[in-house]
Undergrad: 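Dropping the structure in here first, questions after.
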Amino acid sequence: MMERAMYYGKGDVFAYKTYVKPLLGVRKIPESNFSGRNNIVFGLNAKVSVGGKDFLPSFTKGDNSLIVATDSMKNFIQRHLASYQGSTIEGFLSYTAKAFLEKYPQMETVKIIGEDLPFETVSASSSAGLTESDLVFKRSLNEASKSMIEMVRTEGGTMIANHSSSIIKLQLIKVRGNSFVGFVRDEYTTLPEDSNRPLFVYLNISWKYENVIDSYGENPSLYVASEQVRDIAAFVFHETETPSIQNLIYLIGCRILERFPQLIEVMFESQNHTWDTVVDHSPDTLSKVYTEPRPPYGFQVFSVLREDLDKDKADENSLKSTPQGS
Ligand SMILES: O=c1[nH]c(=O)c2[nH]c(=O)[nH]c2[nH]1
């Protein structure tokens, strides 16, 4: 028998909480100054989906007797933000998903996606001069964290079937030091080879922990902050002469896995938004004028796995052991 799709839920569940427990003691890495979040404003946009065979009659017979109204799901999420004692979105999603399964026996699966609604610090005066305000925050329309957890009911309790943490909508421009050459040239090729392009990339990067519990931030030294992943991406972009976006994201993924042994996979969705050149005075000057590229856009999807690091290490070792001059 074919398995059918059947779930329902609520999207755009906005919830803001002030004075969430700060995230302190995140382990520092060489690519980033990030060490924690004050969490004075903690905001998220959640989407919950619930499933279970007991919901079938609600679809086929109009029997609402086991339906938890999606309006109630919204309240459930918001009230669980009030009682959540931790300091990360990942921890909150896990806490809330488990609570849904415990409260409603007809739910067999609960998936919650939470998108961070980030606020940034602004300056304020203090007796010591300029400091960061602890009262006023600036809404950020930049990149944001996003997490997902899928929890399922088992014989004796619950189990996490899937989880991920991400940074989304990161947009990085590198003004030179990028080429794209050597690709297939045939009767369909009009793109010239380019040895120096202004590479503008959009990145969504997701990562998966070996032990989901490390993502909750209860042991902050094992937590991977999206701010650190963002900083690694920019850092690796800076130091790499990129031959393609494909290779760039691979190198970023390897660096993330190197820095965080608690992760087993880093997944990328990248988009190419390389600027079009409008005015180019080179070789006299580096200064040029560019504009947005016309649609369509190119994209890449790639997972970097721990075995990629081991493979690179093995390659390095075999190079090292090759006798000089042979
Ligand atoms: O980094 C790139 N990868 C591609 O696969 C591609 N294709 C293309 O037209 N431009 C680019 N750039």
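Ligands are counted one by one from 1 in listed order, and the atoms in each one are counted from 1 as well. If you read the sequence from its start, that first residue is 1, and numbering goes on from there.
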Undergrad: For atom 12 (N) of ligand 1, find the nearest protein heavy atom and state the residue, atom name and distance (0.1 Å precision).
TA: Arg197 NH1, 3.0 Å
Undergrad: Is the contact between Asn272 and ligand 1 made by the side chain, the backbone, both, or neither, using heavy atoms and a 4.0 Å cut-off?
TA: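 For Asn272, the contact with ligand 1 is made by the side chain alone.
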Undergrad: Could you identify the single nearest non-hydrogen protein atom to atom 3 (N) of ligand 1 and state the distance to 0.1 Å?
TA: Gln246 OE1, 2.8 Å
Undergrad: Could you give me the CA-CA distance, side-chain angles and deciding distance for Val13 and Gln78, then say whether side chain to side chain contact (heavy atoms under 4.5 Å, CB included) is met?
TA: CA-CA 8 Å; Val13 179; Gln78 290 167 342; 4.2 Å; yes
Undergrad: Can an N or O of Ile245 be found at a distance shorter than 3.5 Å from an N or O of ligand 1?
TA: yes
Undergrad: What do you reckon, does Ser244 have a nitrogen or oxygen under 3.5 Å from a nitrogen or oxygen of ligand 1?
TA: no
Undergrad: Between atom OG of Ser303 and atom CD of Glu265, what is the distance when rounded to the nearest 0.5 Å?
TA: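 Reported to 0.5 Å precision, the distance equals 3.5 Å.
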Undergrad: For ligand 1, which part of Leu199 has a heavy atom less than 4.0 Å away: the side chain, the backbone, both, or neither?
TA: neither
Undergrad: Any idea which protein heavy atom is nearest atom 9 (O) of ligand 1, and the distance to it?
TA: Leu191 CD2, 3.4 Å
Undergrad: Any chance you could measure Gln271, atom CD, to Phe200, atom CZ, to the nearest 0.5 Å?
TA: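 It comes to 10.5 Å.
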Undergrad: Could you identify the single nearest non-hydrogen protein atom to atom 4 (C) of ligand 1 and state the distance to 0.1 Å?
TA: Phe180 CZ, 3.5 Å
Undergrad: If you apply the rule ring pair (Phe, Tyr, Trp, His ring centres under 6.0 Å), what do you find for Tyr84 with Phe92, and how did you get there?
TA: CA-CA 6 Å; Tyr84 175 57; Phe92 170 65; 5.7 Å; yes
Undergrad: Could you check whether Tyr202 and Ser270, counting side-chain N and O atoms only, form a donor-acceptor pair closer than 3.5 Å?
TA: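 No donor-acceptor contact under 3.5 Å links the two side chains.
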Undergrad: Strictly by modelled atom types, are Tyr95 and Ser83 linked by a side-chain donor-acceptor pair under 3.5 Å?
TA: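 The criterion, which ignores hydrogens and geometry beyond distance, is satisfied for Ser83 and Tyr95.
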